[in-house]
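Take a look at the structure below.
The model shown is predicted, which means the values in this text are computed figures rather than measured ones. Counting starts at 1 for both ligands and their atoms, in listed order.
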Amino acid sequence: MLASNIKDRFQRDGFVFPIDVMESAAAAAYRARLEAAETAFPDLVNAKTCLRRYPNLVLPFVDEISRLPAVTDAVAAILGEDLLALDCPFFIKEAGTDDFVSWHQDLTYWGLDGEEEVTAWIALSPATVASGCMRFVAGSQTQTVDHRDTHDPRNLLTRGQELTVTVSEDAATEVELRPGQMSLHHGKVFHASHPNRSGDRRIGLAIRYIPTRMRQVAGGNMAAMLVRGRDDHGHFRPCRPPSGLLVDADLAHWREIAGARNAVMLDEGVA
Ligand SMILES: O=C(O)CCC(=O)C(=O)O
């Protein structure tokens, strides 16, 4: 897709897809590295710990994905050349489970000073209607709606946040992706996903890109990884790329950084 098309569609709809970022075989190889780490280090590499916050600090293949030119070229078409990855959680729904994501707008509770943020959601397994692919409401990024916290344990969001308005399900676009494709979404577009009723895991890596000029206004002391260009602003503490797979020194760095972001994401006072 041409850079100008990506930007125009993103500005109009609040999302763009599908964008090919790697061959299916490459996506399968990344999935195999993820699953090998899950098997070898089950206490660390799971949805509640390293996969939930900044896996790019401790899993080298995640850092590698966040820097792939095919991914960052598309993001740079919208945000410019100097890019930070502010967190990159995995959203994994196991086969035949009830986990879901309620309708929400990301940027309403991240404590940033603006709206220049793009999430690249990269499929490492088939994202289909059956597996609970993401769903977006085109044009909704122009609204700001209140959220309530439900703390529903089946909701993959930190506090089970959901919009306080009713979303017309018919208005949703189903974002089906094959492994190796991605969608880009605006932090204020309404989005959600249903449970995974398929026979395979649904695995997505959601990389939150911001330009280096952004600031964190709530929570303070937030860290982000420079993945493209240069940072002439220093508004975020620099993250260090991993030196190996779950290396002790990297884990100490991860604990500090993930802990600070958890504090913001769990703070019910953050608007
Ligand atoms: O993976 C999903 O279904 C939801 C992901 C999401 O809410 C996000 O990336 O902001």
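When hydrogens are left out, the protein atom nearest atom 1 (O) of ligand 1 is R202 NH2, 2.8 Å; that is the closest non-hydrogen contact. Of all protein heavy atoms, the one lying nearest to atom 3 (O) of ligand 1 is S193 OG, 2.6 Å. Of all protein heavy atoms, the one closest to atom 9 (O) of ligand 1 is R208 NH1, 3.0 Å. The protein atom (non-hydrogen) at minimum distance from atom 10 (O) of ligand 1 is H191 NE2, 2.9 Å. Ranking the protein heavy atoms by distance from atom 5 (C) of ligand 1 puts M134 SD, 3.6 Å first.
Shown here are the ring pair (Phe, Tyr, Trp, His ring centres under 6.0 Å) partners of H147, two or more places apart in sequence or in another chain: Y109. Partners of E23 according to the salt bridge (Lys or Arg N to Asp or Glu O under 4.0 Å) rule, which considers only residues two or more places apart in sequence or in another chain, do not exist here.
Counting atoms of ligand 1 from 1 in the listed order, those under 4.0 Å from a heavy atom of W121 are 1 (O), 2 (C), 5 (C), 9 (O). Heavy-atom contacts of D106 reach the following atoms of ligand 1: 10 (O) (cutoff under 4.0 Å). The H104 neighbourhood of ligand 1 comprises atoms 7 (O), 10 (O), with distances under 4.0 Å to a heavy atom of that residue. Of all atoms in ligand 1, numbered sequentially from 1 with element shown, those under 4.0 Å from a heavy atom of A206 are 9 (O).
In terms of hydrophobic clustering, with Ile, Leu, Val, Met, Phe, Trp and Tyr side chains grouped at heavy-atom distances under 4.5 Å, L112 and M225 are assigned to a common cluster.
Under 3.5 Å, the side chains of S131 and K93 contain no donor-acceptor pair of N or O atoms.
The closest donor-acceptor contact from the side chain of H185 to the backbone of G14 lies at 3.5 Å or more, if one exists at all.
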(Q) Before you tell me yes or no, could you show the steps for D73 and R228 under salt bridge (Lys or Arg N to Asp or Glu O under 4.0 Å), namely the whole-Å CA-CA distance, both residues' side-chain angles and the distance that decides it to 0.1 Å? (A) CA-CA 9 Å; D73 283 353; R228 176 166 170 140; 2.6 Å; yes

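In summary, of the residues considered (R52, R208, R261), a salt bridge (charged side-chain N to carboxylate O under 4.0 Å, His left out) with D87 occurs for R261 alone.
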